Amino acid sequence: MTQTGIAKITIALLGLLATAAYAIEPPLCATQTFGADTNELCVTRMPFQHSYYTLKVRGLPIFILPDNFVEDVVLTHTLPSPSNAATGDPQSTPAPSTVKIAGGCVPIKERQQLGISVETGRRCSFKWGDADILKDLVIKFPNANQ
């Protein structure tokens with residue numbers, strides 16, 4: 001084996017060791033219940049990379065977004081209008097309706113030594129139409145103050 005080949009293998013092994021040392025942390029999850037509906041937000045954090053936010057409503061995933069796109073979210077779904085097959089009259093068919101999921105997760109920052117602000121968590125609120133899905137849900141990041 002050549003010196004170049006050994007160097008490439010060594011670099012690859014060091015990369016694998018570094019990745020293992022900074023493995024993905026278990027997700028941070030929190031739930032809120034509104035009426036009979038329990039909704040969940042999970043944050044998957046990876047050191048030196050983006051965090052990913054997963055919103056579940058009634059146990060069903062709605063989205064997975066990276067941290068830089070979760071601060072201001074608007075999702076729109078257009079519900080198909082039922083056709084009036086009996087008469088075939090397009091005038092009797094109601095217009096399609098839409099439902100929006102809107103909200104976001106804004107950073108919570110705390111001042112640290114030397115006046116540096118550090119993100120220590122996120123405060124999340126989302127609505128499905130006019131109904132709250134999550135309201136002022138706080139996710140605190142462990143070790144954010146270190």
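Residue numbers run from 1 in the order of the sequence given. All values reported here derive from a predicted model rather than from experimental measurement.
Applying the 6.0 Å contact sphere to CD1 of I64 captures no more than 12 heavy atoms from other residues, nucleotides or ligands. Heavy atoms of other residues, nucleotides or ligands lying less than 6.0 angstrom from NZ of K140 number more than 12.
Here disulfide bond (SG atoms under 2.5 Å apart) pairs that include residues 35-71, with residues two or more places apart or in two chains, are C29-C42.
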Problem set entry | Candidate pair V57 and D37, rule side chain to side chain contact (heavy atoms under 4.5 Å, CB included), full reasoning | CA-CA 8 Å; V57 176; D37 297 329; 5.8 Å; no

For this session: Determine, stepwise, if the pair F34 / K135 fulfils side chain to side chain contact (heavy atoms under 4.5 Å, CB included).
Result: CA-CA 10 Å; F34 293 95; K135 185 170 180 145; 3.9 Å; yes

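From L41, atom CG reaches atom SG of C105 across 5.0 Å, with rounding to the nearest 0.5 Å. N68 CG to Y53 OH: the interatomic distance, rounded to the nearest 0.5 Å, is 10.0 Å. Within the model, atoms CE of M46 and OG of S51 stand 7.5 Å from one another, a figure rounded to the nearest 0.5 Å. Distance check: R123 CZ to I108 CD1 gives 4.5 Å after rounding to the nearest 0.5 Å. The CG atom of L60 sits 10.0 Å away from atom CG of N39, with the distance rounded to the nearest 0.5 Å. The NZ atom of K127 lies 11.5 Å from the CG atom of L134; values are rounded to the nearest 0.5 Å.
Of all the heavy atoms in G129 and V99, the pair that sits closest is N-CG2, 4.4 Å. Considering all non-hydrogen atoms of both residues, P61 and K56 come closest at CA-CG, 3.9 Å.
Every side-chain contact (heavy atoms from CB on, under 4.5 Å) that E71 has, sequence neighbours left out, goes to P107, R122.
T33 and T38 form a side-chain donor-acceptor contact under 3.5 Å, judged by distance and modelled atom types alone.
The aromatic ring centroids of F126 and F63 lie less than 6.0 Å from each other.
The side-chain heavy atoms of I101 and I62, taken from C-beta on, include a pair separated by under 4.5 Å. A 4.5 Å side-chain heavy-atom check between I133 and L55 finds at least one atom pair inside the cut-off. Two residues are said to be in side-chain contact when any heavy atoms from C-beta on lie closer than 4.5 Å; R45 and V43 meet this criterion.
By the criterion of side-chain heavy atoms lying less than 4.5 angstrom apart, applied directly or through intervening Ile, Leu, Val, Met, Phe, Trp or Tyr residues, V70 is not grouped with V106; the two fall into different hydrophobic clusters. Residues F69 and Y52 do not share a hydrophobic cluster, defined by chaining ILVMFWY side chains whose heavy atoms lie under 4.5 Å apart.
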